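Working notes for the structure below.
Just so it is clear, the structure is predicted and the values come from calculations on it, not from any experiment.
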Amino acid sequence: MPNQSFYFEKIKTNIGIIYILECQKGICFIAPANDPRVKKIQLELSPQEGLIYYTKIKKNLIQFLKKKEKLIKFPIYFILGSVFQISVWKQLLKIPYGSISTYSLVAEKIQNLKAVRAVGTAIGKNPIMIYVPCHRVIAKSGSLGGYAYGMLMKHKILDIEKSV
DNA sequence: CACGATGCTTGAA
DNA sequence: TTCAAGCATCGTG
């Protein structure tokens with residue numbers, strides 16, 4: 001990774017403590033604080049505590065989870081992931097707020113029609129929850145599919161988006 | 001490096 | 001509902 005300064009913060013929300021990592025180029029990582037990847041990041045990047053670039057994301061995320069305001073777009077900067085994974089994640093960013101896509105549709109969009117299953121695994125490793133809207137991707141059958149942090153969470157987030 | 005196992009899928013049986 | 005095909009990763013040896 002490039003020589004860049006990273007900043008992190010853990011914020012309290014009504015779905016638990018969320019860890020946010022940023023650098024000048026954008027938001028780099030968001031996940032529940034107990035996600036095992038957080039430890040690795042802290043160890044390898046030793047970021048400083050306290051966001052300085054995209055501080056508004058804290059309030060936005062908290063308010064969003066309270067159904068008080070819509071998600072705001074922030075610059076996204078992927079610091080990890082294979083070419084395949086990043087193409088999947090970038091594709092997710094194209095799904096409009098409040099709308100839904102499917103695993104196979106995403107596979108089709110990235111010109112890898114048959115990699116549907118792989119798309120699922122890649123989405124499962126989404127490094128920036130909510131702002132990279134992996135929750136907007138469901139199974140072609142109409143069922144919700146899966147979610148790294150539990151179906152309960154996916155359902156909740158979708159529900160919030162529907163109502164705000 | 002080479003396999004085998006795994007995962008937020010799908011379509012067919 | 002169960003199963004196998006299909007694909008990128010990851011862990012093992």
Side-chain angles (χ1 to χ4, degrees), chain A residues 1-2 6 10-11 13-23 26-46 57 60-62 64-67 70-164:
Chain A
M1 287 310 114
F6 294 91
K10 294 180 180 179
I11 63 171
T13 75
N14 56 2
I15 61 168
I17 301 188
I18 302 295
Y19 175 92
I20 303 177
L21 182 78
E22 65 160 25
C23 69
I27 303 298
C28 305
F29 189 85
I30 301 182
N34 62 5
D35 186 301
R37 291 175 293 176
V38 168
K39 236 175 252 163
K40 226 178 278 176
I41 288 173
Q42 287 292 92
L43 205 63
E44 290 171 14
L45 300 178
S46 36
I57 197 172
N60 180 234
L61 182 55
I62 291 171
F64 170 75
L65 292 172
K66 282 187 188 164
K67 298 191 180 183
K70 293 190 183 215
L71 288 178
I72 296 171
K73 289 206 190 258
F74 289 92
I76 298 292
Y77 181 62
F78 298 115
I79 55 171
L80 46 83
S82 64
V83 172
F84 177 81
Q85 287 172 152
I86 290 177
S87 72
V88 169
W89 300 334
K90 282 189 173 164
Q91 190 57 46
L92 300 188
L93 291 172
K94 295 183 183 168
I95 307 173
Y97 187 94
S99 82
I100 291 299
S101 187
T102 67
Y103 299 101
S104 43
L105 205 51
V106 171
E108 189 181 328
K109 290 273 180 74
I110 63 170
Q111 314 291 309
N112 209 332
L113 193 51
K114 285 178 281 189
V116 182
R117 191 82 193 273
V119 164
T121 0
I123 293 179
K125 296 196 176 135
N126 173 21
I128 306 179
M129 71 183 296
I130 299 181
Y131 289 90
V132 172
C134 60
H135 55 280
R136 293 180 199 149
V137 183
I138 66 175
K140 200 176 191 179
S141 66
S143 69
L144 278 194
Y147 197 69
Y149 308 116
M151 294 313 298
L152 176 127
M153 182 95 77
K154 185 169 188 173
H155 195 277
K156 210 168 190 173
I157 296 171
L158 282 171
D159 176 60
I160 295 171
E161 263 199 17
K162 240 183 300 176
S163 50
V164 54

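Nucleotide C:dG6 forms no Watson-Crick or G-U wobble pair with any nucleotide shown, as no partner meets the under 3.5 Å limit on both distances.
Counting distance only, with no hydrogens placed and no angle test, the side-chain atoms of A:Tyr103 and the base atoms of B:dC8 include a donor-acceptor pair under 3.5 Å.
Here the shortest heavy-atom pairing between A:Pro32 and A:Val38 reads O-CG2, 3.8 Å.
Between A:Tyr19 and A:Ile41, some side-chain heavy-atom pair lies under the 4.5 Å cut-off.
Proximity of a side-chain donor or acceptor of A:Ser46 to a complementary backbone N or O of A:Leu43 within less than 3.5 Å is not detected. Using a distance-only test at 3.5 Å, with no hydrogens or angles considered, a donor-acceptor pair links the side chain of A:Lys154 to the main chain of A:Leu144. Judged by distance alone, with hydrogens and angles left aside, the side-chain atoms of A:Asn60 form a donor-acceptor pair with the main-chain N or O of A:Lys70 at under 3.5 Å.
Taking 4.0 angstrom as the limit, A:Lys140 places a side-chain polar atom (N or O) nearer than this to OP1 or OP2 of B:dG11.
Taking atom CG on A:Leu113 and atom C1' on B:dT9, their separation rounds to 12 Å, with Å as the unit. For the pair A:Leu92 CG and B:dC8 C1', the computed distance is 11 Å after rounding to whole Å. Following rounding to the nearest Å, A:Glu108 (CD) and B:dT9 (C1') show an atom-to-atom distance of 15 Å.
Annotation: proximity of residues 123-139 of chain A to DNA chain B (heavy atom, distance under 4.0 Å) is found for A:Ile123, A:Gly124, A:Cys134, A:Ala139, numbered in ascending order.
In this structure, A:Ser104 reaches the sugar-phosphate backbone alone: every heavy-atom distance under 4.0 Å involves primed, P, OP1 or OP2 atoms, never a base.
Aromatic ring orientation, A:Trp89 versus A:Phe78: tilted (interplanar angle from 30° to 60°).
Atom-to-atom distance recorded for A:Phe6:CZ and A:Ile79:CD1 is 5.0 Å, nearest 0.5 angstrom. With rounding to the nearest 0.5 Å, the separation of CG in A:Leu45 from CG in A:Leu80 is 8.5 Å.
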Grab the N/O contacts between the protein and nucleotides 5-8 of chain C below 3.5 Å, and write none if there aren't any.
residue : atom : partner  : partner atom : Å
C:dA8   : OP1  : A:Asn112 : ND2          : 3.4

